[in-house]
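Residue numbers count from 1 along this sequence.
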Amino acid sequence: MYAYHWEMRYVDGKGSFRRAFEFTGYGFLPSPIGSAIIIPMSVNYILNAKTPKISIAQLQNPDVMRAVMLHVLPKDLVYSNLIINLAVTVWSLVIWSFAIKHSREIEFRNAFITALIPTVLFGIYQVWSLLRLL
């Protein structure tokens with residue numbers, strides 16, 4: 001939120017930080033909806049997975065733990081979570097764009113660019129963290 005307010009200095013935005021904070025907070029509403037889809041899918045995979053038996057010494061080895069996690073959570077689940085997370089992020093981007101437009105009284109193009117910069121950084125982080133698991 002602070003990143004949006006900081007970026008407003010460069011696009012001649014008007015209005016208070018508080019108003020921008022209130023409006024951009026609505027951009028986080030798609031997250032629980034995405035979680036409501038992802039959590040049941042993950043629980044279904046975990047409940048149906050057969051976990052291998054490992055010793056305490058193997059629990060301390062990150063490579064073994066990664067192999068166990070990939071065995072329990074297949075790549076299909078990771079890819080579907082990635083797609084759902086990216087869709088939720090795009091949905092939030094749209095909400096943030098309109099929130100910035102209306103809270104700071106700027107044109108939509110500038111509001112979209114302002115919202116796009118932190119959103120792209122967050123999207124890259126999401127993709128990197130999920131693909132790093134694979």
> Between Phe112 and Ile100, is a side-chain contact (heavy atoms from CB on, under 4.5 Å) present by the stated rule, with each step listed?
Replying inline: CA-CA 8 Å; Phe112 181 75; Ile100 292 169; over 6 Å; no
> What's the shortest heavy-atom distance between Trp96 and Gly27, and which atoms?
Replying inline: NE1-CA, 3.2 Å
> When rounded to the nearest 0.5 angstrom, what distance separates OG1 in Thr89 from CD1 in Ile124?
Replying inline: 12.0 Å
> Quick one: CZ on Phe28 to CD1 on Ile95, what's the gap to the nearest 0.5 Å?
Replying inline: 10.5 Å
>> With clusters defined by side-chain heavy atoms of hydrophobic residues (ILVMFWY) lying less than 4.5 Å apart, directly or transitively, does Leu116 cluster with Val94?
In response: yes
>> So, taking the atom named CD1 in Ile39 and the one named CG in Asn44, what distance separates them when rounded to the nearest 0.5 Å?
In response: 13.5 Å
>> The test is side-chain contact (heavy atoms from CB on, under 4.5 Å); show your working for Thr119 and Ser92 and say whether it passes.
In response: CA-CA 9 Å; Thr119 305; Ser92 294; over 6 Å; no
>> Starting from Tyr26, can I reach Ile33 by hopping between I/L/V/M/F/W/Y residues whose side chains sit under 4.5 Å apart?
In response: yes
> What class does the angle between the rings of Trp128 and Tyr125 fall in, given that below 30° is parallel, 30 to 60° is tilted and above 60° is perpendicular?
Replying inline: tilted
>> If hydrophobic clusters are built by linking Ile, Leu, Val, Met, Phe, Trp and Tyr wherever their side-chain heavy atoms come under 4.5 Å apart, do Val90 and Val88 end up in the same one?
In response: no
> Taking atom CD1 of Ile84 and atom OH of Tyr79, what is their separation to the nearest 0.5 Å?
Replying inline: 15.0 Å
> When rounded to the nearest 0.5 angstrom, what distance separates OG in Ser80 from CD1 in Ile38?
Replying inline: 7.5 Å
> Does Leu77 belong to the same Ile/Leu/Val/Met/Phe/Trp/Tyr cluster as Ile37, with side-chain heavy atoms less than 4.5 Å apart forming each link?
Replying inline: yes
> In Å, rounded to the nearest 0.5 Å, how long is the span from CG of Leu86 to CH2 of Trp91?
Replying inline: 15.0 Å
>> In this structure, would Phe122 and Leu82 fall into the same cluster of hydrophobic residues linked by side-chain contacts under 4.5 Å?
In response: no
>> Donor-acceptor check, side chain of Gln58 to backbone of Ser55, threshold 3.5 angstrom: yes or no?
In response: yes
